[in-house]
Amino acid sequence: MASPWKLSGMQRQVLALYRCFLRAARLKNLEDRQRIVSVVSAEFHHNANNVDRKNFQYIEYLLRRGKRQLEQLKNSTTVSLSTINLNSCALNTITEDKKLASTYH
């Protein structure tokens with residue numbers, strides 16, 4: 001049954017990328033596949049809930065990054081994916097820098 005909503009070109013690209021990740025995960029062993037599906041699903045859900053739908057530049061960046069990650073995943077030597085939360089890492093670094101700066105002043 002066709003969806004009553006028409007998807008934009010960018011939405012179709014995001015869904016296609018998600019499906020490609022799931023297809024690539026099928027090529028890995030069961031344990032790695034489950035981890036990959038979990039990471040990919042969490043990443044896509046996180047971005048769907050936290051990225052402004054009108055921020056096309058950032059969405060295009062995420063699509064490019066996702067395509068690069070997909071190519072890495074398709075490589076036969078790659079067994080799994082991981083994510084890194086840059087925002088919390090950056091905040092921790094800033095907090096540590098401020099602590100160091102206050103110690104020296």
Side-chain angles (χ1 to χ4, degrees):
M1 179 176 178
S3 172
W5 307 105
K6 291 211 178 215
L7 299 176
S8 72
M10 197 169 289
Q11 287 171 323
R12 284 194 300 269
Q13 288 180 42
V14 170
L15 290 174
L17 182 62
Y18 184 74
R19 287 190 300 267
C20 286
F21 268 107
L22 296 181
R23 280 190 218 106
R26 284 189 220 143
L27 303 174
K28 306 299 179 182
N29 68 47
L30 181 61
E31 185 179 311
D32 293 332
R33 181 182 323 146
Q34 290 171 339
R35 168 108 171 103
I36 291 166
V37 169
S38 174
V39 168
V40 168
S41 177
E43 188 75 16
F44 273 78
H45 279 66
H46 171 77
N47 288 328
N49 293 327
N50 296 311
V51 174
D52 180 16
R53 293 169 193 251
K54 294 184 181 189
N55 190 347
F56 302 119
Q57 193 171 18
Y58 186 64
I59 296 169
E60 288 173 349
Y61 159 75
L62 290 173
L63 281 167
R64 286 190 306 273
R65 190 179 85 176
K67 288 175 184 175
R68 282 193 306 270
Q69 289 174 330
L70 178 61
E71 290 307 313
Q72 289 176 341
L73 180 62
K74 286 181 178 180
N75 187 338
S76 62
T77 60
T78 305
V79 292
S80 189
L81 288 177
S82 64
T83 61
I84 183 166
N85 188 344
L86 295 176
N87 292 336
S88 66
C89 288
L91 289 175
N92 289 339
T93 303
I94 291 168
T95 304
E96 290 172 10
D97 288 346
K98 285 182 181 177
K99 287 179 185 175
L100 284 173
S102 66
T103 313
Y104 292 112
H105 288 103

Find out whether [X] and [Y] are in side-chain contact, i.e. whether some heavy atom of one side chain is under 4.5 Å from a heavy atom of the other.
| X | Y | answer |
| --- | --- | --- |
| M10 | E60 | yes |
| L70 | Q72 | no |
| S38 | R35 | no |

For D52, what residues pass the side chain to side chain donor-acceptor pair (under 3.5 Å) criterion, not counting sequence neighbours?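 Testing D52 for side chain to side chain donor-acceptor pair (under 3.5 Å), a comparison that skips the adjacent residues, returns none.
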R53 and I59: which non-hydrogen atoms are nearest, and at how many Å? O-CD1, 3.7 Å
Any donor-acceptor pair under 3.5 Å linking the side chain of K74 with the backbone of L27? no
Spell out, as yes or no, whether a donor-acceptor pair under 3.5 Å connects the side chain of Q34 to the backbone of E31.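 Pair absent, no side-chain N/O of Q34 close to backbone of E31.
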Which distance, rounded to the nearest 0.5 Å, do you find between the [atom1] of [X] and the [atom2] of [Y]?
| X | Y | atom1 | atom2 | result |
| --- | --- | --- | --- | --- |
| L17 | L63 | CG | CG | 6.0 Å |
| I36 | F21 | CD1 | CZ | 9.5 Å |
| N50 | N55 | CG | CG | 12.5 Å |
| Q69 | E71 | CD | CD | 11.5 Å |

Quick one: ring-ring contact (aromatic ring centres under 6.0 Å, His included) pairs with a partner in residues 35-56, sequence neighbours left out?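 For residues 35-56: Y18-F44.
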Given side-chain contact (heavy atoms from CB on, under 4.5 Å), test K67 with R64 step by step and report yes or no. CA-CA 5 Å; K67 288 175 184 175; R64 286 190 306 273; 5.8 Å; no
Sorted by chain and residue number, the side-chain contact (heavy atoms from CB on, under 4.5 Å) partners of R23 (sequence neighbours excluded) come out as R19, C20, R26
